[in-house]
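Fair warning: this is a prediction, and the values are worked out from it, not measured in the lab. Throughout, a chain's letter reflects where its sequence line sits, starting with A, and its residues are numbered from 1.
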Amino acid sequence: MLRVITKELTPMSDEKTEYTISDLAKEFEITSRSIRHYEDEKLITPTRRGVHRIYSARDRVRLQLILRGKRLGFSLAEIKEIIDLYGVEGEQRQTERLLELINVRRESLKQQLKDIKYLLNEFDVLEEKLTSEHQAK
DNA sequence: CTTCTTACA
DNA sequence: TGTAAGTA
């Protein structure tokens with residue numbers, strides 16, 4: 001069932017700590033379906049023991065980064081880009097790229113905010129029109 | 001009973 | 001993402 005091959009004798013770090021897909025799903029409150037999906041998208045690459053997936057502490061960290069990126073509104077492709085930059089030519093490029101994506105995200109949110117404000121105003125105008133029309137009758 | 005793959009919604 | 005189906 002829910003057994004971790006090696007566990008919490010050392011709160012963290014042990015690269016020998018392994019998790020099953022259900023361990024991680026439960027810990028992060030997501031479904032195993034999502035975790036498998038992230039693997040399909042190449043964001044995580046768990047090892048296999050036969051046909052079963054085995055996740056390392058490192059995989060767990062990557063999963064955390066994926067979930068954090070999602071909360072910030074980034075796509076899996078963008079998250080993958082950032083994660084894959086870790087360890088490459090230092091973290092210089094990773095930081096630069098992250099900053100770039102943050103700006104892209106910021107602009108997107110600004111546009112959405114404009115659209116929402118416009119829509120709210122449209123509703124106000126329409127509502128008033130309908131209201132006065134109703135009273136006229 | 002849990003995990004896996006595949007495929008459709 | 002969820003879920004159904006058929007396995008291992």
Side-chain angles (χ1 to χ4, degrees):
Chain A
M1 291 167 84
L2 303 173
R3 84 302 188 187
V4 174
I5 292 66
T6 299
K7 184 182 178 181
E8 329 216 71
L9 292 179
T10 50
M12 224 287 277
S13 75
D14 246 84
E15 53 216 28
K16 287 191 173 181
T17 299
E18 296 177 342
Y19 308 85
T20 62
I21 195 168
S22 57
D23 288 332
L24 296 181
K26 184 177 181 181
E27 181 179 356
F28 298 112
E29 299 186 276
I30 56 180
T31 62
S32 55
R33 172 74 172 80
S34 299
I35 297 177
R36 295 194 186 97
H37 181 59
Y38 301 149
E39 180 182 347
D40 288 334
E41 299 299 300
K42 312 297 183 185
L43 282 106
I44 318 182
T45 54
T47 59
R48 298 258 182 163
R49 176 165 293 160
V51 294
H52 291 175
R53 277 168 259 248
I54 299 297
Y55 299 82
S56 66
R58 180 232 185 198
D59 293 322
R60 200 188 74 109
V61 171
R62 305 212 12 141
L63 181 55
Q64 284 185 302
L65 291 176
I66 293 170
L67 298 178
R68 183 196 302 174
K70 285 194 61 183
R71 291 177 198 178
L72 296 180
F74 293 113
S75 68
L76 291 184
E78 293 173 324
I79 296 171
K80 169 177 166 52
E81 223 184 300
I82 295 301
I83 292 181
D84 289 346
L85 252 44
Y86 187 81
V88 183
E89 317 241 353
E91 65 171 51
Q92 212 76 4
R93 307 203 174 190
Q94 180 181 43
T95 299
E96 291 177 355
R97 186 53 180 150
L98 178 55
L99 257 31
E100 269 179 40
L101 293 177
I102 285 177
N103 284 320
V104 171
R105 183 77 181 112
R106 177 184 288 117
E107 291 310 306
S108 174
L109 286 174
K110 284 183 179 178
Q111 184 56 241
Q112 286 186 57
L113 186 56
K114 286 183 182 179
D115 294 341
I116 289 174
K117 287 181 176 178
Y118 174 80
L119 238 33
L120 287 176
N121 180 62
E122 286 294 287
F123 290 154
D124 285 341
V125 173
L126 179 58
E127 184 172 57
E128 193 200 290
K129 185 182 298 180
L130 294 175
T131 297
S132 60
E133 184 180 292
H134 182 270
Q135 297 182 324
K137 294 181 180 178

Separation of atom [atom1] in [X] from atom [atom2] in [N], rounded to whole Å:
X	N	atom1	atom2	value
A/I21	B/dT2	CD1	P	14 Å
A/K26	B/dT3	NZ	P	12 Å
A/R49	B/dC4	CZ	P	13 Å
A/Y38	C/dG2	OH	P	9 Å

* Check every atom of B/dT2, B/dC4, C/dG2 against the side chain of A/S34 and return the nucleotide holding the closest atom. =>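 The nucleotide sitting nearest to the side chain is C/dG2.
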
Do [X] and [Y] have side chains that approach each other closer than 4.5 Å (heavy atoms only, starting at C-beta)?
X	Y	answer
A/E127	A/L130	no
A/R58	A/T45	yes
A/Y55	A/R60	no

* Can you sort out the partners of A/Y86 under side chain to side chain contact (heavy atoms under 4.5 Å, CB included), two or more places apart, ordered by chain and number? =>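 Side chain to side chain contact (heavy atoms under 4.5 Å, CB included) list for A/Y86, sorted by chain: A/Q94.
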
* Under the side chain to side chain contact (heavy atoms under 4.5 Å, CB included) rule, collect the residues that match up with A/S75, sequence neighbours excluded. =>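 Partners of A/S75 by the side chain to side chain contact (heavy atoms under 4.5 Å, CB included) criterion, ordered by chain and then number, come out as A/A77, A/E78.
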
Donor-acceptor pairs under 3.5 angstrom involving side-chain atoms of residues 33-40 of chain A: please list them, not counting sequence neighbours.
from: A/S34; atom 1: OG; to: A/T31; atom 2: OG1; distance (Å): 3.3
from: A/R36; atom 1: NH1; to: A/S32; atom 2: OG; distance (Å): 3.3
from: A/E39; atom 1: OE1; to: A/R53; atom 2: NH1; distance (Å): 2.8

* Sugar-phosphate only, base, or nothing, as touched by A/T31 at under 4.0 Å among non-hydrogen atoms ->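 The residue A/T31 makes sugar-phosphate contact but no base contact.
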
* To do: May I ask you to list the residues of residues 71-78 of chain A, by number, that have any heavy atom positioned under 4.0 Å from an atom of DNA chain C?
  =>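 Here the set is empty: none.
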
* Quick one: salt bridge (charged side-chain N to carboxylate O under 4.0 Å, His left out) partners of A/E41, sequence neighbours excluded? ->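 For A/E41, no residue satisfies salt bridge (charged side-chain N to carboxylate O under 4.0 Å, His left out) once neighbours in sequence are set aside.
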
* With sequence neighbours left out, write down each residue that passes salt bridge (charged side-chain N to carboxylate O under 4.0 Å, His left out) with A/E100, or none if nothing qualifies. =>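 Partners of A/E100 by the salt bridge (charged side-chain N to carboxylate O under 4.0 Å, His left out) criterion, ordered by chain and then number, come out as A/R97.
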
Can you give me every donor-acceptor pair (side chain of residues 104-126 of chain A, partner residue at least two apart or in another chain, under 3.5 Å) with its distance?
from: A/R105; atom 1: NE; to: A/L72; atom 2: O; distance (Å): 2.9
from: A/R105; atom 1: NE; to: A/G73; atom 2: O; distance (Å): 3.3
from: A/R106; atom 1: NH1; to: A/N103; atom 2: OD1; distance (Å): 2.5

* Do A/E128 and A/T131 pass the side-chain contact (heavy atoms from CB on, under 4.5 Å) test, and can you show the C-alpha distance, the side-chain angles, and the key distance before you say yes or no? -> CA-CA 5 Å; A/E128 193 200 290; A/T131 297; 5.6 Å; no

* To do: Could you tell me whether the phosphate oxygens of B/dT3, OP1 or OP2, come under 4.0 Å of any side-chain nitrogen or oxygen in A/S22?
  =>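 Yes, such a contact exists.
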
* Structure fact -> Note, DNA chain C 5' to 3' with Watson-Crick or G-U pairs under 3.5 Å encoded as ( ), [ ], | and . gives ||||||.|

So which protein nitrogen or oxygen atoms get under 3.5 Å of nucleotides 5-9 of chain B's nitrogens or oxygens?
from: B/dT5; atom 1: OP1; to: A/R48; atom 2: NH1; distance (Å): 2.9
from: B/dT5; atom 1: OP1; to: A/R48; atom 2: NH2; distance (Å): 3.0
from: B/dT5; atom 1: OP2; to: A/R53; atom 2: NH1; distance (Å): 3.4
from: B/dT5; atom 1: OP2; to: A/R53; atom 2: NH2; distance (Å): 2.0

* To do: Following the transitive rule for hydrophobic clusters with a side-chain heavy-atom cut-off under 4.5 Å over Ile, Leu, Val, Met, Phe, Trp and Tyr, establish whether A/L85 and A/L43 coincide in one cluster.
  =>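 Cluster IDs for A/L85 and A/L43 differ.
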
